[in-house]
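Written below as structure tokens is the structure these notes are about.
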Amino acid sequence: MLINLHIVNLALIDELDIDFSDGLCVLTGETGAGKSIIIGSIGIGLGGRFDKALLRNPDRDGMVELLFSVDKELEDELIQEEIEVEDGELLVSRRLTGGKTINRINDKTVTASKLRTVAEKLISLHAQHEQRTLLKKSKHLEIVDTYDSGIADIKSKVAEEYREYRECEEKLESMSMDEVERQKRLDYIRYEINDIESARLKQGEDEELEELYKKASNSQNIAEITSSVERLTGYDNQASGGSQISDAVSELSSLSKYDENAGELISMLTDIDQLMGDFNRQLAEYISDMEFDEETLVTATDRLNLINTLKSRYGKDYETIMSTLSTLKQEEEELVSYEETVRSLEEQKKRCLTRLEKSCNELTKVRKASAKKLCGVIADAMRNLNFNDVRFDMTFEKADSFSSNGNDIAEFIISTNVGEQMRPLVDVASGGELSRVMLAIKSVVSEAADTPTLIFDEIDVGISGITAERVGAMMRRLAESRQIISITHLPQIAACADEAYVIEKEVVGDKTITGIRKLDKEGRVMELARLLGGASITDTVIATAREMISD
């Protein structure tokens, strides 16, 4: 669950830090107090858009941090995402600095994509715009697929078979040409094959040539350096190092006449003399190997230019060029036996299509079974939300073409009154009805997905009275097995809270600041009285608020 929310320098917030509890946490506040800022900040923390225009002070960094507690089962899932949990806690952090967003999970920098993947396992945020999303037919099938985890394997199979089918189809499309085009393509392929094969490339040849070119083009500098070292360390003149050490060995050897313990010094210096001799012999060989004529440099340069030209045309390295050659030879063979190749591809396409159709039919069958179960559970949830005569179902049609998602077109249909024909959700639901439909769907799908935390931003729009009581009761039931955080303006829902928070806007000096605080029991009574009575909070209203909370 979400333990703590920390926001810095965002919109009307200078700095805000709030601890959340488990169960049903309800957030209330006056219109314009900044409730949407709080929910928006959580959305940013979960991977939403974070740009400089959102900063209160553009010269300071902005930051959102979300601290979660994680159970063992969820920890195992996160390990699969290569995310380590520390002491059962996970800190998700997003900082906007210098126009760049830095994403971290437990102080490990991650991509925005990785952060969103992890966030989906931790929390489900229902913002008000999601009600409009629910009206999009394309989202309905997605809800069914989310509800039944077993669908994922079949979808993967369909996606793979669709990829194979499209590869075959695209190959056939590329083979669609007349005799003139085929011959022209064949001539060009043969030119490219000859271009590669005539070069007689060898693996690692380019690295060897580059090293040779480097040495040959710098041979004069190499000669100057090695000649200087040879003079300094050699034996050809008395002043050089080798000669000096050799003389020193002779001098030190006479010391043994006077001191028998001088043997170790003599041995060490003799070793140095031998090492110096070995060094000079190897240096002489190195100098001999570094002697390049002009022809060597020209040959290496020409060969390198040829290899680099082939790299620019056919691939960045030897392996890629050889792979290109193999592909060209395969295409040459296909074009030579053009009619046979086309016939083989058409047969392959038919086989791929047969497999794809079979898998798509299997996917449809599983989806329909899942949709029937899902719609039944959603209808039950909607009856608990004061849809007394509701019928809820899903229609299926076949698309004209296939995709990696199959070939199903599905849409939720609904009837909320006896004798009323079932119609698409987009044609029926009012604002208040849509809020309850969304809550019913969220409650069912989140149960299946076992999402630890659900956040609802004014899910109660357009409802009142007994319906509001039903919504509050459903939230309370959901909160028995997960954390629910809800922004509301209805007293019936606020009264159901396990913990209550008020969002306030105040002027401090010359600044307007949004803050949030947790309410004690008396604070809850007064906030509930404000929701009940508005500007006029009488003793009767307060008594009613106290009675609602005690219930």
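Please read these numbers as outputs of a predicted model, since none were measured by experiment. One-based numbering along the sequence shown.
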[X] side chain to [Y] side chain, donor-acceptor N/O pair below 3.5 angstrom:
X: N9; Y: R56; result: no
X: T28; Y: E527; result: yes
X: E169; Y: Y165; result: yes
X: T364; Y: N361; result: no
X: N4; Y: D19; result: yes
X: S69; Y: E89; result: no

Minimum-distance pair of heavy atoms, taken over all atoms of [X] and [Y]:
X: N103; Y: T111; result: ND2-C, 3.9 Å
X: M422; Y: I413; result: CE-O, 3.6 Å
X: L531; Y: A494; result: CD1-CB, 3.8 Å
X: P452; Y: L74; result: CG-CD2, 3.9 Å
X: L363; Y: G406; result: CD2-CA, 4.3 Å
X: V26; Y: A497; result: CG2-CB, 3.4 Å

State whether [X] and [Y] are salt-bridged, where the test is any N-O pair (Lys NZ or Arg NE/NH1/NH2 against Asp/Glu carboxylate O) under 4.0 Å.
X: E142; Y: K139; value: yes
X: E397; Y: K137; value: no
X: D76; Y: K72; value: yes
X: E160; Y: K157; value: no
X: D393; Y: R391; value: no
X: D145; Y: R367; value: yes
X: R95; Y: E65; value: no
X: K358; Y: E161; value: no
X: D107; Y: R104; value: no
X: K171; Y: E167; value: no

Non-hydrogen side-chain atoms of [X] and [Y] separated by less than 4.5 Å:
X: V471; Y: L385; result: yes
X: L115; Y: R94; result: yes
X: I7; Y: I37; result: no
X: M474; Y: R470; result: no
X: T544; Y: V541; result: no
X: L454; Y: I485; result: no
X: E84; Y: N106; result: no
X: S359; Y: Y162; result: no

Whether [X] side chain and [Y] backbone form a donor-acceptor pair below 3.5 Å:
X: T324; Y: Y314; result: yes
X: R524; Y: L519; result: no
X: S156; Y: A152; result: yes
X: S403; Y: N405; result: yes
X: D317; Y: T320; result: yes
X: T327; Y: S323; result: yes
X: S443; Y: A440; result: yes
X: H6; Y: D17; result: no
X: D408; Y: A410; result: no

I need the [X] [atom1] to [Y] [atom2] distance, nearest 0.5 Å.
X: L2; Y: L90; atom1: CG; atom2: CG; result: 11.5 Å
X: I123; Y: R482; atom1: CD1; atom2: CZ; result: 12.5 Å
X: Q483; Y: I455; atom1: CD; atom2: CD1; result: 7.5 Å
X: D498; Y: E480; atom1: CG; atom2: CD; result: 9.0 Å
X: I441; Y: L374; atom1: CD1; atom2: CG; result: 7.5 Å
X: L478; Y: F456; atom1: CG; atom2: CZ; result: 6.5 Å

Y147/V377 under side-chain contact (heavy atoms from CB on, under 4.5 Å): CA gap, chis, key distance, verdict:
CA-CA 11 Å; Y147 177 68; V377 179; 4.0 Å; yes
Please indicate whether [X] has more than 12 foreign heavy atoms, meaning atoms of other residues, nucleotides or ligands, lying under 6.0 Å from its [atom1].
X: R49; atom1: CZ; value: no
X: D87; atom1: CG; value: no
X: E81; atom1: CD; value: yes
X: E319; atom1: CD; value: yes

Chi angles and distances behind the side-chain contact (heavy atoms from CB on, under 4.5 Å) call for M394, H140:
CA-CA 9 Å; M394 174 171 264; H140 297 182; 3.7 Å; yes
Checking side-chain contact (heavy atoms from CB on, under 4.5 Å) for the pair I13/I38: CA distance, chi angles, key distance, verdict?
CA-CA 9 Å; I13 297 172; I38 303 294; 4.0 Å; yes
Does NZ or CZ of R436 come closer than 6.0 Å to the centre of the six-membered ring of F387, within 45° of the ring's axis?
yes
Using salt bridge (Lys or Arg N to Asp or Glu O under 4.0 Å), reason through E357 and K398 one step at a time and then give a plain yes or no.
CA-CA 11 Å; E357 286 177 335; K398 286 295 184 182; over 6 Å; no
Between D14 and R60, does the side-chain contact (heavy atoms from CB on, under 4.5 Å) criterion hold? Intermediate values first, please.
CA-CA 10 Å; D14 266 346; R60 290 174 53 207; 4.3 Å; yes
